[in-house]
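A short write-up of the structure that comes next.
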Amino acid sequence: MRALVFHPTIPRYLAAKALGAVYRDGYWSRLSPLAYRQTPEPPLPRPDWVRVRVRLGGICGSDLHMLHLDASPAASALTSFPFVPGHENVGEIAETGPAVSGLRPGERVVVDPILPCAVRGISPPCRFCAAGEYNLCERTTDGHLSPGLIIGACRDTGGSWAETFVAHRSQVLPVPDAICDANALMVEPCAVALHPLLRHRPHDGDTVLVVGGGTIGQCVIASLRALGSRARVIALVKYPFQGEAARRFGADAVVALGRRDEHYDAIAELTGARLRRPLMGKRVVIGGADLTVECVGSGRALDDALRLTRSGGRVVLLGLAALPRGVDWTPVWLNELHLTGSYVYGWESVDGTRRRTMEIVLDWMGRGTLDVSSLVTHTFALRDFARAFRTATGKSDTSAFKVAFRPD
């Protein structure tokens, strides 16, 4: 099959870093760790696995960090190379193992890409998987699979940047006919956004600041409204097209990111905060949002998130910050902030029942409560990967949200 394969050898890593510093395409050039090539389909690891034929495979912000080689090297300890990237997916069953029941070839599905104990055949499971918190699994380098936190970062499973990949029966969720492929592709990013909102749900009288107007930021806003939250939502965005989308999904106010801290004036006015000027540096905010969800992962976004949250408020890091620069951590201790990170999704307690985050999103989409299909703005054949990455990284010119691959 044709696929994009990521194999970061030291020479290719250094070549891509050097080329990418002066030429954007250097990060995915012929000298980079990423290659478009013919590769064998991954075999079904065990009888209770299935093969999924990809219809759409999304490009996530974490994938772009991978391509730009600016993610923390810590993750490489939990990864096996070479691998086919792509964890966002919608596809159809192409093959089922002899121990699989309830799934049929041709059935449209999305796959929860996490690779915890149950998928790895580990028994007894780790303490987190035993408690239903499989998103925190401690055994992602063990079992019958090679190391990997998720499909798309494990050499044995493949990923959605290919024609097919494999998944354990427990990971597969059928897609109702009422949900189009574009909306189905967004199940995984919406689950990423919903998971921390269910754990840190704002009160209706709260103000929520969403830092970042990209795909995850839009999914946070849409998920809040699908939850029925009446909290006031302020979206801090970089581009006008992001502000327009934020309003459509339910933001009450949109603030444009300034060159330094010019946007602090608008947010202070909206939240009733006061601004004080120090001897040097950004202004100090007294007051701010009750809950801030940081959806970018840059040092600047993290710095703003901390500064713009009121004393005793909560900050959720969704942007996968790795090695941020220029962050003043003073607000964390000075304002006694509650700072937490969120990685993926898992099992949630909603209305007295336990359901997987992705199942909640699928249910909402099937009932028409949540429709974020408009965020899938561009699709490309795998062989057009360079154009796809230029589109995904050139938002000021392309107005792109979710860019996805389709089979050649």
Between the main-chain N or O of [Y] and the side-chain N or O of [X], is there a donor-acceptor pair closer than 3.5 Å?
X: Asn183; Y: Asp371; value: no
X: Glu41; Y: Phe165; value: no
X: Arg12; Y: His7; value: no
X: Thr141; Y: Leu78; value: no

Enter the distance from [X]:[atom1] to [Y]:[atom2] here, rounded to the nearest 0.5 Å.
X: Arg367; Y: Ile179; atom1: CZ; atom2: CD1; answer: 10.5 Å
X: Arg46; Y: His144; atom1: CZ; atom2: NE2; answer: 4.0 Å
X: Arg307; Y: Leu337; atom1: CZ; atom2: CG; answer: 12.0 Å
X: Cys117; Y: Arg139; atom1: SG; atom2: CZ; answer: 6.0 Å
X: Ser298; Y: Asp304; atom1: OG; atom2: CG; answer: 8.0 Å
X: Leu103; Y: Glu92; atom1: CG; atom2: CD; answer: 13.0 Å

Inset, instruction - May I ask you to say whether Arg232 pairs ionically with Asp252, meaning some side-chain N is under 4.0 Å from a carboxylate O? - result: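 Here Arg232 does not pair with Asp252 in a salt bridge, since their nearest N and O are not under 4.0 Å apart.
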Inset, instruction - Flag the pair Arg260 and Asp303 as a salt bridge only when some basic side-chain nitrogen lies within less than 4.0 angstrom of an acidic carboxylate oxygen. - result: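 Judged by the 4.0 Å cut-off on N to carboxylate O distance, Arg260 and Asp303 do not form a salt bridge.
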Considering all heavy atoms, the nearest [X]-[Y] contact:
X: Val172; Y: Ile93; result: CG1-CD1, 4.2 Å
X: Ser160; Y: Asn89; result: CB-CB, 3.9 Å
X: Pro43; Y: Arg51; result: CA-NH2, 4.0 Å
X: Ala3; Y: Ala162; result: CB-CB, 3.5 Å

Classify the side-chain pair [X]/[Y] by whether it contains a donor and acceptor separated by less than 3.5 Å.
X: Thr292; Y: Thr309; value: yes
X: His203; Y: Asp290; value: no
X: Thr393; Y: Arg24; value: yes

Inset, instruction - Check Phe389, Tyr36, Phe380 against Trp161 for a ring pair (Phe, Tyr, Trp, His ring centres under 6.0 Å) and give me the one that passes. - result: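 Among the candidates, only Phe389 passes.
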Legend entry - Pair listing, salt bridge (Lys or Arg N to Asp or Glu O under 4.0 Å) test, anchored in residues 193-216, at least two apart: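 Counting only pairs at least two positions apart or across chains, the salt bridge (Lys or Arg N to Asp or Glu O under 4.0 Å) contacts touching residues 193-216 are Glu133-Arg199, Arg199-Glu348, Asp204-Arg230, Asp206-Arg314.
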Inset, instruction - Measure up the His168 and Trp49 rings against each other and bin them: parallel (under 30°), tilted (30 to 60°), perpendicular (over 60°). - result: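 The rings of His168 and Trp49 stand perpendicular, inter-plane angle above 60°.
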Inset, instruction - Only one of Ser342, Ser223, Ser229 passes side-chain contact (heavy atoms from CB on, under 4.5 Å) with Leu197; say which it is. - result: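 It is Ser223, the one option of Ser342, Ser223, Ser229 that forms the side-chain contact (heavy atoms from CB on, under 4.5 Å) with Leu197.
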Inset, instruction - Verify the ring-centre separation between Phe401 and Tyr239: is it less than 6.0 angstrom? - result: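 No, the ring centres sit 6.0 Å or more apart.
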